[in-house]
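Following: one structure in structure tokens, then a few remarks.
Side-chain atoms are counted along with the backbone in the values below, which use heavy atoms only and exclude waters and symmetry mates. Below, chains carry the letters A, B, ... as their sequence lines are ordered, and counting in each starts from 1. It should be emphasised that the depicted structure is a prediction, and the values quoted were computed from it without experimental measurement.
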There are 2 protein chains.
Amino acid sequence: MSDDPVRDRTDDIMCATYRALCRHGHADLTMQDIADEWSKSKAALHYHYDTKRGLLLAFLEHLFESYTDCVTDPGEGDATDRLGALIDDALDPPGTAANRELRTALFEIRACAPHDDEFRARLERFDRYLHDEIERIVTEGVEAGVFRSDVDPETTATLLVTLVDGGHSRRIVLGDDGGVHTAIRAAIGDRLAGGIG
Amino acid sequence: MSDDPVRDRTDDIMCATYRALCRHGHADLTMQDIADEWSKSKAALHYHYDTKRGLLLAFLEHLFESYTDCVTDPGEGDATDRLGALIDDALDPPGTAANRELRTALFEIRACAPHDDEFRARLERFDRYLHDEIERIVTEGVEAGVFRSDVDPETTATLLVTLVDGGHSRRIVLGDDGGVHTAIRAAIGDRLAGGIG
DNA sequence: TTTTGCTGACTGACCGGTCAGTTAGCCTGT
DNA sequence: ACAGGCTAACTGACCGGTCAGTCAGCAAAA
């Protein structure tokens with residue numbers, strides 16, 4: 001792959017962790033599962049990462065980079081279209097196979113946050129990133145006159161991030177979409193264009 | 001307490017489970033923890049509930065009853081006020097001490113849903129109940145002319161339930177409110193009164 | 001006497017983490 | 001060219017601890 005064997009190996013381990021998480025979920029994930037996906041021994045994994053927790057924290061950082069690559073303001077076109085595309089990507093990050101499994105695993109990992117500040121800090125970054133992307137698009141949309149002039153970008157961003165969070169939660173718990181997309185589009189319509197969807 | 005010793009004992013176990021969940025969270029919850037709160041042995045717990053999973057499923061049913069008692073359409077007053085009160089209760093079910101701990105534990109339990117249909121079914125009931133309560137209030141509000149006539153109660157209910165779910169998720173992961181209440185009130189304003197909060 | 005409710009001791013499985021030892025590759029002095 | 005020394009990476013066996021669930025037996029109620 002690259003000319004950096006250390007980087008290659010780290011990528012291998014992250015990919016193995018990804019596959020193991022999709023296959024087993026977070027609750028049932030063992031170091032052995034990850035080692036199996038990596039086709040190396042469990043001890044080799046502990047050679048590179050002292051603890052399971054450390055490995056998972058590293059994985060979250062790795063995932064955040066992919067996330068900011070996939071879920072990003074397209075930067076061109078109407079603010080309405082950009083916002084719509086961003087939200088769609090946030091609900092269904094593209095470019096990753098086994099999407100549903102990964103979302104499920106990430107959802108399980110969120111349950112660690114209340115008990116572990118380092119996990120919480122990593123997960124906060126995902127939310128804050130999306131919040132800021134939305135806020136920027138809304139601000140620009142208001143300035144360009146595409147959106148109503150009386151919307152508050154900050155409140156709007158919080159509203160939409162909360163909806164995306166809730167959407168993930170509902171889709172995972174209820175198992176299907178359940179009208180989440182429709183509801184979010186309706187909320188955007190209410191707020192930014194003053195229409196009712 | 002009551003004159004039904006079986007019912008009393010069941011209540012005792014449910015209360016013990018509640019306290020153990022608040023104290024340890026779901027991820028770290030053991031049968032021993034619940035037995036300790038109950039001041040009986042772990043084997044006694046297994047005498048009444050064959051498996052830990054069975055006990056937890058029973059607990060979810062028990063909790064659903066409390067939920068429908070606490071979180072309910074007040075039935076009197078303006079539809080706007082009733083909806084606001086319902087949403088407030090849904091975000092912070094009253095009448096239970098250690099509220100934050102219980103919400104956290106319930107959030108952790110949600111992570112079981114993708115892997116266990118019986119857990120999913122129990123959790124779906126919470127969402128569906130809230131959805132239907134909201135939908136009814138919105139429908140009545142539209143009929144009474146309090147809300148705009150062009151809102152769709154079904155979509156609105158999905159929107160608000162998703163927001164409440166997302167609100168719980170954000171409060172637990174981020175640790176504080178983070179403007180969720182404000183955002184939800186703004187969304188209600190957008191949709192039902194056509195104003196901007 | 002039988003049933004109900006319970007206890008303490010126990011089992012079996014699992015899992016994170018450790019450790020002694022092996023292998024492959026690389027540098028260095030001769 | 002090559003022997004010796006060193007290190008990074010890895011393996012297989014193992015340890016300590018945890019936890020759900022079991023079981024034989026005891027006490028009190030019915």
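- Contact annotation: A:Tyr47 reaches the phosphate of D:dA9 (side-chain N/O to OP1 or OP2, under 4.0 Å).
- Side-chain proximity of A:His46 to the nucleotides C:dG16, D:dT11, C:dG5 is greatest for C:dG16.
- Atom OH in A:Tyr49 sits roughly 16 Å away from atom C1' in D:dC10 (whole-Å rounding).
- In the model, A:Asp33 has a side-chain atom that pairs as donor or acceptor with a side-chain atom of A:Thr30 under 3.5 Å.
- Residue A:Leu45 is out of contact with every strand shown, counting any heavy-atom pair closer than 4.0 Å.
- Shortest non-hydrogen contact noted between A:Leu123 and A:Arg110 is CD1-CA, 3.6 Å.
- The nearest whole Å value for the distance from the NZ atom in A:Lys52 to the C1' atom in C:dG16 is 8 Å.
- Each of A:Gln32 and A:Ala43 was assigned the nucleotide of DNA chain C with the nearest heavy atom; the assignment lying further toward the 5' end belongs to A:Gln32.
- Look at CG on B:Asp50: it is 21 Å from P on D:dC19, rounded to the nearest Å.
- Residue A:Arg9 has its side chain nearest to D:dC10 when only D:dC10, C:dT7, C:dC6 are considered.
- Ring pair A:Phe107/B:Phe107: centre-to-centre distance below 6.0 Å.
- In this structure, A:Asp28 places its CG atom 15 Å from C1' of D:dA20, rounding to the nearest Å.
- One atom, CG of B:Leu56, and another, C1' of D:dA20, lie 13 Å apart when rounded to the nearest Å.
- Donor-acceptor pairing under 3.5 Å, judged by distance alone, is present between the side chain of B:Lys42 and the base of D:dA20.
- Residue contacts for A:Thr30: at a heavy-atom cut-off of 4.0 Å it reaches the sugar-phosphate backbone alone, with no base atom in range.
- We find that NE2 of B:His48 is positioned 12 Å from C1' of C:dT7, with the value rounded to whole Å.
- Annotation: side chain of B:Leu56 is in contact with side chain of B:Phe119 (closest heavy-atom distance under 4.5 Å).
- Within the nucleic acid shown, B:Ile34 has no heavy atom closer than 4.0 Å to any nucleic acid atom.
- Between A:Phe64 and A:Phe126, the ring-plane angle classifies as perpendicular under the 30° and 60° cut-offs.
- Of the candidates C:dT7, D:dA20, D:dC10, the closest approach to any side-chain atom of B:Lys40 belongs to C:dT7.
- Atom CE in A:Met31 sits roughly 21 Å away from atom P in D:dC14 (whole-Å rounding).
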